[in-house]
Amino acid sequence: MAHEITKVGVVGLGTMGSGIAEVLARSGLDVIGVELDAAGIARGRGHVEHSTERALSGGKLDEAGRAGLLGRIAYTTALTDLAEVDLVIEAVPESLELKAEVFGQLDKIVRPEAVFASNTSSLSVTEIGVHTARPGKVVGMHFFNPAPVLKLVEIVRTVVTEPDVVADVVAFAERLGKTPVVIGDRAGFIANALLFGYLNHAVRMFEQRYATREDLDAAMRYGCGYPMGPLALLDLIGLDTAYEILDSMYHQSRNRLHAPAPLLKQMITAGLLGRKTGRGFYAYDAPDSPVVTDAAASLSTVDTEVREIRKVGVVGTGTMATGIAEVFAKRGYDVIVRARKAEKAEAAVAKVGKSLGRAVSKGRLSESDAAAVLARITPVTEFAELSEVDLVVEAVAEELAVKQEVFAGLDAVVRPGAILATTTSSLPVIECAAATSRPSEVVGLHFFNPAPVMKLVEVVRTIATAPDVVATAHQLCSVLGKHPVHCGDRAGFIVNALLFPYLNDAVKMLEAHYADAADIDTAMKVGCGLPMGPFELLDVVGLDVSLAIERTLFNEFREEGFAPAPLLEHLVTAGRLGRKTGKGFKDYTS
């Protein structure tokens with residue numbers, strides 16, 4: 001039977017609690033906010049007044065609406081004032097002992113039929129609920145910060161939560177204009193369980209000096225379309241908050257990937273908590289300011305002479321090879337495309353022509369410019385015809401033996417001093433270099449698909465790559481209008497090494513029947529602002545391609561948490577590879 005919720009109590013009026021109180025009052029509900037003392041009430045009231053003042057100046061609220069909203073929130077320091085509420089939302093600091101104490105006290109005050117909800121982001125709702133005489137009426141109701149803006153609410157059911165209570169809370173969240181997803185009681189729920197493992201992995205990369213903070217952040221923004229890079233996001237969340245969530249997740253999951261990176265603890269000890277203190281991974285104009293003041297680190301080419309690149313060779317005829325050829329030709333480079341057979345080479349040039357034709361039809365390129373670009377591309381079938389190029393970019397199949405054969409062939413004919421690059425997305429660049437007599441002149445140039453559109457290029461240096469080769473690659477990317485990021489020669493480089501463990505975690509979450517694919521996708525899009533949910537993305541990339549990358553990562557790092565999810569293996573074996581076969585995690589046949 002539906003339980004009508006008209007009066008709500010909010011315990012704890014920090015940033016999150018006051019935001020929840022505002023959301024409730026904006027929906028026409030009477031709210032009683034509880035804080036420890038008068039100072040806490042003043043802070044909470046100040047949060048609501050400041051937030052609604054911004055909404056007023058932004059035209060999202062009028063004077064009468066704001067006055068009505070503020071009038072619906074009452075403040076108190078006495079839990080006993082919540083005796084007649086229908087629902088209590090607890091938003092005190094993230095401590096199991098504190099939350100349990102609050103619920104234990106409320107249990108003796110609030111009517112037996114009232115529902116208790118905890119806004120915990122990572123603690124066990126079950127452990128909180130057992131401190132009451134009504135564990136069946138206890139749920140998690142995890143709002144995201146800032147609560148007045150973000151739509152996602154994770155509704156966490158325990159093994160004893162009554163089904164009617166879950167249904168009532170879901171309906172209540174929808175009444176608030178939120179997007180609820182229902183999940184089981186597991187460390188981190190959906191969004192944090194998937195997000196914080198990824199953030200922790202990025203901190204470890206930075207800690208190991210594998211890549212700079214700017215390159216890590218740029219890689220995920222340009223390579224995946226994420227609204228923020230991982231380190232900038234950690235600064236926004238607060239490093240102390242991130243540490244608490246990771247630590248809580250680790251103690252529940254015992255997953256080593258959730259163990260907070262040691263650097264986080266060191267930075268917290270030093271008071272570098274992120275934006276709220278004015279300094280974290282980046283330095284800010286002032287506490288709580290979004291303005292970064294420290295200079296961005298970039299590869300210095302001032303003391304490193306770069307090589308001149310005039311003529312470029314591209315080996316391969318697939319989508320990536322033709323995209324790269326188009327990118328170079330558009331920037332005025334003469335390009336030689338090499339294929340095994342003449343018809344394949346000519347078909348590759350024709351594919352570039354079709355791409356240019358689409359650009360002309362959309363008004364992005366004139367017909368004369370398109371013709372000039374196409375005229376710069378020459379199809380060939382012999383390696384010897386690449387003898388005078390200054391750079392060769394290999395873009396053949398993602399098989400090491402095939403790539404090594406190409407590099408050996410190039411090494412025999414390409415002039416000394418020319419740079420040999422591979423576009424591999426996951427294979428060791430040094431293995432390609434070892435097939436040549438010039439490993440110092442081999443570098444990874446990982447373009448992203450579609451190459452004419454995507455701005456990111458990962459510049460991968462091996463332990464043998466010469467500094468001037470890296471500097472030349474960096475400058476070349478800038479000339480091409482691309483954003484270069486630098487990293488070492490390690491499986492997955494930056495983007496795939498951060499992205500695919502997260503995708504794998506999502507599959508494991510699904511196969512554990514913890515949440516369904518649609519709710520997981522919704523949680524990551526609505527709660528974290530990602531352009532696609534993990535299952536949508538896996539189906540686009542291809543489950544076979546994803547599995548191959550995950551196997552490569554696992555074989556390189558031997559991390560138990562990187563082992564591909566059995567469900568992914570089974571779907572690939574069954575031929576359900578995603579959009580390209582019509583079925584993957586979703587069915588596209590209808």
Side-chain angles (χ1 to χ4, degrees), residues 1-14 16-45 47-48 68-120 123 125-143 147 153 155-158 160-162 164-173 175-176:
M1 184 175 170
H3 174 71
E4 190 179 0
I5 298 170
T6 56
K7 184 178 278 191
V8 184
V10 178
V11 181
L13 296 173
M16 184 56 81
S18 60
I20 293 169
E22 180 185 336
V23 168
L24 298 168
R26 193 183 288 242
S27 299
L29 292 155
D30 291 325
V31 184
I32 301 173
V34 185
E35 254 297 349
L36 278 174
D37 50 29
I41 287 175
R43 279 195 302 274
R45 192 193 300 272
H47 282 310
V48 177
L69 186 160
L70 296 175
R72 284 190 285 274
I73 305 175
Y75 299 90
T76 180
T77 56
L79 286 175
T80 51
D81 289 339
L82 300 181
E84 297 303 314
V85 300
D86 307 301
L87 168 70
V88 179
I89 301 174
E90 163 274 308
V92 301
E94 197 75 341
S95 157
L96 180 61
E97 293 74 17
L98 179 57
K99 290 178 186 288
E101 182 186 345
V102 167
F103 273 46
Q105 290 181 43
L106 286 167
D107 198 39
K108 297 169 186 153
I109 296 166
V110 182
R111 293 179 297 117
E113 63 271 23
V115 174
F116 288 174
S118 175
N119 183 57
T120 179
L123 298 174
V125 178
T126 307
E127 287 191 49
I128 296 168
V130 296
H131 291 273
T132 74
R134 63 182 94 191
K137 295 194 182 299
V138 177
V139 295
M141 197 173 184
H142 179 214
F143 290 79
V153 177
I155 310 296
V156 185
R157 49 165 166 59
T158 74
V160 294
T161 305
E162 297 164 12
D164 284 352
V165 169
V166 175
D168 288 343
V169 174
V170 166
F172 179 67
R175 179 178 157 194
L176 299 177

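In what follows, every heavy atom counts, from backbone to side chain, and hydrogens, waters and symmetry copies are set aside. Counting from 1, the numbers follow the sequence of the chain as shown.
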Subject >> Closest approach of Ile20 to Ala91 (non-hydrogen atoms, all atoms of both residues) >> reply: CD1-CB, 4.5 Å
Subject >> Verdict with reasoning, Phe103 to Val88, per side chain to side chain contact (heavy atoms under 4.5 Å, CB included) >> reply: CA-CA 9 Å; Phe103 273 46; Val88 179; 6.0 Å; no
Subject >> Minimal non-hydrogen separation, Leu176 against Ser27, with atom names >> reply: CD2-OG, 3.5 Å
Original post:
Between OG of Ser18 and CD of Glu35, what distance do you get to the nearest 0.5 Å?
Top reply: 9.5 Å
Original post:
Can you tell me how far CD of Glu97 sits from CD1 of Ile128, rounded to the nearest 0.5 angstrom?
Top reply: 10.5 Å
**OP:** Would you check if Ile89 and Leu24 make a side-chain contact, meaning some heavy-atom pair closer than 4.5 Å?
**Re:** yes
Subject >> Taking every non-hydrogen atom, the tightest pair across Val138 and Gly129 >> reply: CG1-CA, 3.8 Å
Subject >> From Val31, Val34, Val48, Ile32, residue fulfilling side-chain contact (heavy atoms from CB on, under 4.5 Å) relative to Tyr75 >> reply: Val48
**OP:** Starting at CZ of Phe172, measure out to CG of Leu87 and round the result to the nearest 0.5 Å.
**Re:** 5.5 Å
Original post:
Hey, does the side chain of Arg72 reach the backbone of Ala25 with a donor-acceptor pair shorter than 3.5 angstrom?
Top reply: yes
Original post:
So how far is it from His131 NE2 to Leu106 CG, rounded to the nearest 0.5 Å?
Top reply: 13.5 Å
Original post:
What is the minimum heavy-atom distance between Val125 and Val139, and which atoms define it?
Top reply: CG1-C, 3.6 Å
**OP:** Using distance alone, with no hydrogens and no angle criterion, decide if Glu94 and Thr120 have a side-chain donor and acceptor under 3.5 Å apart.
**Re:** yes
Original post:
Donor-acceptor pair, Arg175 side chain versus Ile5 backbone, under 3.5 Å?
Top reply: yes
**OP:** Kindly give the heavy-atom pair with the smallest separation between Leu29 and Thr6, and that separation in Å.
**Re:** CD2-O, 3.4 Å
Original post:
Okay, side chain of Asn119, backbone of Phe143: is any donor-acceptor separation there less than 3.5 Å?
Top reply: yes
Original post:
Which residue pairs pass the salt bridge (charged side-chain N to carboxylate O under 4.0 Å, His left out) test when at least one of the two sits in residues 76-92, sequence neighbours left out?
Top reply: Glu84-Arg111, Asp86-Arg111, Glu90-Lys99
Original post:
Going from NZ on Lys137 to OG1 on Thr161, what distance comes out if it is rounded to the nearest 0.5 angstrom?
Top reply: 10.5 Å
Original post:
In Å, rounded to the nearest 0.5 Å, how long is the span from CD1 of Ile155 to CG of Asp168?
Top reply: 11.0 Å
Subject >> For Ala114 against Val85, the heavy-atom pair lying closest together >> reply: CB-O, 3.6 Å
Subject >> Any donor-acceptor N/O pair, Arg134 side chain to Asp107 backbone, under 3.5 Å >> reply: yes
